[in-house]
Amino acid sequence: MAARFFPAALGAALVVLAGVAQADPGQALFDKHCAICHQPGGVGAPGYAPPLADTVGQRLALEEGRDYVPRILRAGISGPIDTTLGRFNGAMPGFAQLSDAEAAQLANYVLGALNASVLPAGFVPYTAEEVAALKAKPASAPENRKLRERLDAALKAR
Ligand code: HEC
């Protein structure tokens, strides 16, 4: 009886775990590509990679703010930035190898899940088509830092 019960329980547990892991494809992509630097859940690591949780969603209150995370996914970001974990002056590589659909899923996880508490009301999830259309706008790591500066100055002035 016990010998039959335990494998069944283990099997059920694995099914539950697999279900959790697959629940959000954006989270799976984040854990694969981003968590090594930004840490699981995007809490950041002092001196190494800035936090993403509850820190980047505010910028979506501005129209151009919607471009920010997809542009960083494509081209990275470099140069000094001030964050809730202090100042960073590093360089993050872009992830141009991601498909538009993957980039949209990642942006939806970083913003929709990790920044849910600071997102402006009515957040509309990104689609692959929107991410593809953004490619018409040039992006580079130093320009993305300038965009960050512009957005934060505009938010402060509000
Ligand atoms: C090799 C380490 C590394 C990896 C991997 C990485 N990042 Fe970064 N990321 C950084 C660093 C370092 C910075 C800050 C760069 C600077 O100082 O300008 C940064 C900055 C950012 C920012 C801007 C944060 C802010 O405060 O405005 C976002 C958004 C971001 N990363 C998202 C991601 C996502 C999403 C992924 C996965 C696809 C990812 N990063 C993968 C190291 C990394």
Side-chain angles (χ1 to χ4, degrees), residues 18 20-158:
V20 168
Q22 285 165 13
D24 182 345
Q27 178 171 3
L29 287 164
F30 186 88
D31 290 346
K32 182 173 170 195
H33 295 291
C34 323
I36 186 161
C37 292
H38 291 284
Q39 305 301 299
V43 294
Y48 189 53
L52 302 179
D54 298 335
T55 60
V56 291
Q58 294 88 334
R59 300 191 183 105
L60 268 77
L62 303 163
E63 201 187 325
E64 212 184 4
R66 196 163 163 95
D67 297 359
Y68 184 63
V69 169
R71 276 177 58 154
I72 290 182
L73 279 171
R74 190 162 103 240
I77 180 168
S78 63
I81 61 170
D82 289 314
T83 79
T84 52
L85 284 187
R87 172 164 281 217
F88 289 82
N89 191 354
M92 173 189 149
F95 285 78
Q97 75 273 22
L98 294 172
S99 70
D100 296 335
E102 288 172 325
Q105 287 167 345
L106 260 169
N108 288 334
Y109 174 68
V110 169
L111 292 163
L114 300 184
N115 283 270
S117 67
V118 295
L119 271 187
F123 170 68
V124 179
Y126 293 84
T127 61
E129 291 70 27
E130 182 181 359
V131 169
L134 272 175
K135 288 183 187 158
K137 299 185 192 174
S140 69
E143 273 170 30
N144 287 345
R145 192 190 63 82
K146 282 185 200 145
L147 171 63
R148 185 189 198 275
E149 226 166 57
R150 272 205 310 283
L151 291 170
D152 287 359
L155 281 177
K156 244 185 218 160
R158 283 183 145 207

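Counting convention: from 1, in listed order, for ligands and their atoms alike.
- The only option from L111, L62, I77, L60 that meets the side-chain contact (heavy atoms from CB on, under 4.5 Å) definition with Y68 turns out to be I77.
- For N108 (side chain) and Y126 (main-chain N/O), a donor-acceptor pair under 3.5 Å exists by modelled atom type.
- Side-chain N or O atoms of H38 include one that pairs as donor or acceptor with a backbone N or O of P50 at under 3.5 Å.
- The main-chain N or O of R71 is found under 3.5 Å from a side-chain atom of N144 such that the two form a donor-acceptor pair.
- N115 places a side-chain N or O within 3.5 Å of a backbone atom of V110 that can act as its donor or acceptor partner.
- Around ligand 1, the residues contributing at least one heavy atom under 4.0 Å from the ligand are H33, C34, C37, H38, Y48, P50, L52, V56, R59, Y68, I72, L73, I77, S78, G79, I81, F88, N89, G90, M92, F95, L106, V110, R148.
- Every residue two or more places apart in sequence or in another chain that forms a salt bridge (charged side-chain N to carboxylate O under 4.0 Å, His left out) with D82 is listed here: R87.
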